[in-house]
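Below: the structure, in structure tokens.
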Amino acid sequence: DAKTTQPPSMDCAEGRAANLPCNHSTISGNEYVYWYRQIHSQGPQYIIHGLKNNETNEMASLIITEDRKSSTLILPHATLRDTAVYYCIVRVPVNNAGNMLTFGGGTRLMVKP
Amino acid sequence: DSGVTQTPKHLITATGQRVTLRCSPRSGDLSVYWYQQSLDQGLQFLIQYYNGEERAKGNILERFSAQQFPDLHSELNLSSLELGDSALYFCASSVRGRALLYEQYFGPGTRLTVT
């Protein structure tokens, strides 16, 4: 699986967009990018995933560069409740095999009033 | 609410004891995963079951074991407990379907404290 690199921490003002980068320069053609977050001591929460195209759901948008070597998770209007550790994970989904998630250090996002 | 339930929420026990953590996956999910989160190790995968069968193992100690029952709930058994086993234990479940395999839904966790 491709290795990911994320900044250890970021701050964002409440109401502003939070843009969380992830570098995955060794990603292969069939690897998806997944984003999760973990609010303090709660179970991790799935946010979004993508392969090539940009994706949007009710929680966030995922922008993947054309060469797929990096991506950005965008929280359009960050609130205090978005303060969490955000994890970028790259995996190849393979049926009938182990599908465990491997969590790195993530980015600790602090949303400030 | 992810739809995954875990019991108990908190567990305090002594070294050398044995405990059982229980997880009920979301309705319809066949895969159950167990993860451990300690302060110094971060989130680590322990073991996965799919429809009652062990599918993958991570860094799970020999003192730990798990199983998934016909009704798809799962139990994680921890024995000969040591202080270092104190951690948050999360269970997750996922649906079938390629890209969705990593769309996992986590329970609230069980906080285990070994004294």
Side-chain angles (χ1 to χ4, degrees), chain A residues 1-2 4 6 8-9 22 24 27-53 55 57-60 62 64 68 71 81 84-108, chain B residues 1-6 9-10 23 25-26 29-51 53-60 66 87-113:
Chain A
D1 299 314
T4 61
Q6 299 178 253
S9 64
C22 180
H24 32 78
I27 193 170
S28 62
N30 55 353
E31 287 184 303
Y32 283 69
V33 180
Y34 296 82
W35 282 84
Y36 279 77
R37 73 179 182 183
Q38 185 177 25
I39 296 169
H40 181 63
S41 293
Q42 296 182 19
Q45 179 187 24
Y46 164 81
I47 301 173
I48 199 167
H49 73 268
L51 180 62
K52 292 181 188 177
N53 301 320
E55 302 287 345
N57 63 20
E58 66 279 1
M59 286 184 70
L62 174 60
I64 302 175
R68 303 210 324 120
S71 61
R81 285 180 294 183
V85 179
Y86 288 77
Y87 297 98
C88 168
I89 299 168
V90 175
R91 290 301 301 260
V92 178
V94 180
N95 274 325
N96 301 318
N99 307 114
M100 72 293 290
L101 293 166
T102 303
F103 293 87
T107 296
R108 185 172 299 275
Chain B
D1 183 1
S2 67
V4 177
T5 60
Q6 289 187 249
K9 279 190 175 178
H10 302 277
C23 167
R26 294 188 318 160
D29 286 357
L30 299 179
S31 275
V32 169
Y33 310 78
W34 287 97
Y35 294 84
Q36 178 193 55
Q37 186 171 33
S38 56
L39 278 173
D40 56 347
Q41 293 289 330
L43 267 162
Q44 298 223 325
F45 167 72
L46 294 179
I47 197 164
Q48 176 198 1
Y49 278 81
Y50 177 78
N51 204 20
E53 294 188 2
E54 183 183 302
R55 183 58 57 88
K57 260 186 175 179
N59 295 325
I60 187 167
L88 271 168
Y89 291 84
F90 291 105
C91 167
S93 70
S94 69
V95 300
R96 194 171 172 80
R98 288 192 73 231
L100 299 176
L101 289 170
Y102 296 107
E103 186 176 331
Q104 296 180 12
Y105 291 85
F106 284 74
T110 293
R111 182 177 293 278
L112 173 66
T113 302

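Letters A, B, ... are given to chains in the order of the sequence lines, protein chains preceding strands, and every chain is numbered from 1. Note that these values count all heavy atoms, side chains included, but never hydrogens, waters or copies made by symmetry.
Scanning for side chain to side chain contact (heavy atoms under 4.5 Å, CB included) contacts around B/S38 gives B/D40, B/Q41, B/A87, with sequence neighbours left out. For A/R68, there are no salt bridge (Lys or Arg N to Asp or Glu O under 4.0 Å) partners two or more places apart in sequence or in a different chain.
Distance check: A/M100 CE to B/S31 OG gives 10.5 Å after rounding to the nearest 0.5 Å. To the nearest 0.5 angstrom, A/Y34 atom OH is 9.5 Å from B/Q104 atom CD.
Among B/R111, B/Q44, B/Q6, B/Q37, the residue making the largest number of heavy-atom pairs under 4.5 Å with chain A is B/Q37. Ranked by heavy-atom pairs shorter than 4.5 Å toward chain B, the options A/G105, A/G106, A/P44 are led by A/P44.
Counting heavy atoms of neighbouring residues, nucleotides and ligands inside a 6.0 Å radius, atom CG of B/N51 exceeds 12 of them. Open room surrounds CZ on A/R108; 12 or fewer heavy atoms of other groups in view lie less than 6.0 Å from it.
Side-chain contact between A/Y36 and B/L43: absent, with no pair of heavy atoms (C-beta onward) separated by less than 4.5 Å.
Here the side chain of B/Y35 pairs a donor or acceptor atom with the backbone of A/L101 at under 3.5 angstrom.
The aromatic rings of A/Y46 and B/Y105 lie tilted to each other, with the angle between the two planes from 30° to 60°.
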